[in-house]
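Throughout, protein chains are lettered first and strands after them, A, B, ... in sequence-line order, and every chain is numbered starting at 1.
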There are 2 protein chains.
Amino acid sequence: MPPSTTNVAPAAEDFEVELGVLNELIGFRFRRIHNHLSRGFNELAPEAKPGTFSALALIGANPGVSQTTLSREVGFDKATIVSILDGLERLGWAERRRSPSDRRRHALYITREGQKALDRLHDHARRNEAPIRQALTEEEQTQFFRILDKMYAACFPG
Amino acid sequence: MPPSTTNVAPAAEDFEVELGVLNELIGFRFRRIHNHLSRGFNELAPEAKPGTFSALALIGANPGVSQTTLSREVGFDKATIVSILDGLERLGWAERRRSPSDRRRHALYITREGQKALDRLHDHARRNEAPIRQALTEEEQTQFFRILDKMYAACFPG
DNA sequence: TATTGTTATACTCTATAACTATA
DNA sequence: TATAGTTATAGAGTATAACAATA
């Protein structure tokens with residue numbers, strides 16, 4: 001919108017918008033930032049569907065992990081995990097092996113190619129978050145993650 | 001799973017899962033908590049589609065606000081805002097009036113019923129977040145929101 | 001020519017339910 | 001009987017593009 005050339009008061013939407021009760025709600029405050037991060041990451045790494053990066057990282061950090069555990073940690077339904085795994089195998093980034101101890105289970109492993117991809121995606125994620133992290137001091141970052149620990153623990157008591 | 005009756009070492013997924021690189025990523029840490037909050041809120045208030053509560057709160061706090069401004073603040077496409085507004089009008093919670101100063105715009109207003117609904121939804125949201133907030137000291141809550149301010153500001157420099 | 005809001009549409013994301021094979 | 005994974009399907013959620021009215 002061009003600068004106003006009249007003396008008419010600007011419309012309400014030219015003012016700073018009041019957040020009202022949303023200002024104090026964790027959910028709203030999270031969503032705005034999370035949306036922004038998701039979009040940024042998706043632009044940097046369009047080949048990775050949501051959940052793909054998380055799943056790959058968890059497989060990398062927990063060789064032999066099962067799909068059910070992945071489902072719990074990533075926060076997606078087990079059926080959704082199936083399609084994420086299909087994608088990871090198609091890309092050659094992870095593989096399913098029958099668990100010898102429980103033949104119902106798939107033991108999941110990251111491949112050499114998958115590790116390379118994970119490193120790349122991790123780098124994208126870091127660069128995507130860099131501006132936000134740099135807005136905080138070292139101490140604030142530490143505090144922040146400590147608070148997130150507490151919050152997540154409170155989500156699943158017991 | 002029943003408690004193991006053998007001496008066999010538990011499968012990998014019985015151990016605490018390693019988050020690996022995800023542990024230090026804001027996006028992942030946010031998503032897990034945000035997912036949990038979204039689901040809880042949706043159970044408490046299934047009549048409110050995502051964005052409905054936010055939109056209503058913003059209209060209440062900014063009488064006469066436009067759909068475009070709403071779109072920017074809620075973080076949804078303007079076409080998505082149209083359907084949210086349709087819903088709000090159908091419920092009798094908000095109304096569109098032609099802006100007299102710019103007849104392209106709709107000036108949005110909350111209704112008396114809408115204000116009641118907003119209070120109710122706000123209460124749901126507070127109760128939904130209560131366990132998480134109570135995990136933090138007063139000081140931590142203050143720090144946390146201050147840090148969120150900084151982070152959001154860093155999302156949209158300028 | 002640019003902007004507000006609308007429509008139509010399609011695509012992405014995610015969950016539910018029913019199934020299989022194992023336990 | 002219960003659990004791990006799969007399939008098929010449907011439903012949410014969201015965006016894109018073309019459009020009309022207005023600036």
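Residue A:Ile81 contributes atom CD1, which lies 15 Å from atom P of D:dT7 at whole-angstrom precision. Separating the CD atom of A:Glu89 from the P atom of D:dT6 is a distance of 8 Å, rounded to the nearest angstrom. In this structure, the NE2 atom of B:His34 is 17 Å from the P atom of C:dC13, given to the nearest Å. The distance from atom CG of A:Leu70 to atom P of D:dT6 is 12 Å, rounded to the nearest whole Å.
Contact between the side-chain N/O atoms of A:Thr68 and the OP1/OP2 oxygens of D:dG5 is found at a separation under 4.0 Å. Under 4.0 angstrom from either OP1 or OP2 of C:dT6 there lies at least one side-chain N or O belonging to B:Arg96. OP1 or OP2 of D:dT6 sits under 4.0 Å from a side-chain N or O of A:Gln67.
A search for side-chain hydrogen bond (donor to acceptor under 3.5 Å, both in side chains) contacts involving A:Arg103 returns nothing, not counting sequence neighbours. With sequence neighbours left out, A:Gln115 forms a side-chain hydrogen bond (donor to acceptor under 3.5 Å, both in side chains) with A:Asp119. Residues forming a side-chain hydrogen bond (donor to acceptor under 3.5 Å, both in side chains) with B:Ser99 (at least two apart in sequence, or on another chain): B:Ser101.
When hydrophobic clusters are built by joining Ile, Leu, Val, Met, Phe, Trp and Tyr residues whose side-chain heavy atoms come closer than 4.5 Å, directly or via intermediates, A:Leu58 is not grouped with A:Val82.
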Got a list of side-chain donor-acceptor pairs under 3.5 Å for residues 32-43 of chain B, not counting sequence neighbours?
unit_1	atom_1	unit_2	atom_2	d
B:His36	NE2	A:Cys155	O	3.2
B:Ser38	OG	B:His34	O	2.9
B:Arg39	NH2	A:Gly75	O	3.0

Listing time: all N or O pairs from protein to nucleotides 20-22 of chain D that are below 3.5 Å?
none

Protein-nucleic acid N or O pairs under 3.5 Å, nucleotides 12-15 of chain D:
unit_1	atom_1	unit_2	atom_2	d
D:dA15	OP1	A:Arg39	NH2	2.7
D:dA15	OP2	B:Asp77	N	2.9

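Residue pairs meeting the side chain to side chain donor-acceptor pair (under 3.5 Å) criterion with at least one member in residues 76-91 of chain A, sequence neighbours excluded: A:Asp86-A:Arg96, A:Glu89-A:Arg96. Note on residues 120-135 of chain B: pairs passing side chain to side chain donor-acceptor pair (under 3.5 Å), not counting sequence neighbours, are B:Asp123-B:Arg127, B:His124-B:Arg127, B:Arg133-B:Gln141. A side chain to side chain donor-acceptor pair (under 3.5 Å) check over residues 44-57 of chain A, counting only residues at least two apart or in different chains, returns the pairs A:Ser54-B:Arg31.
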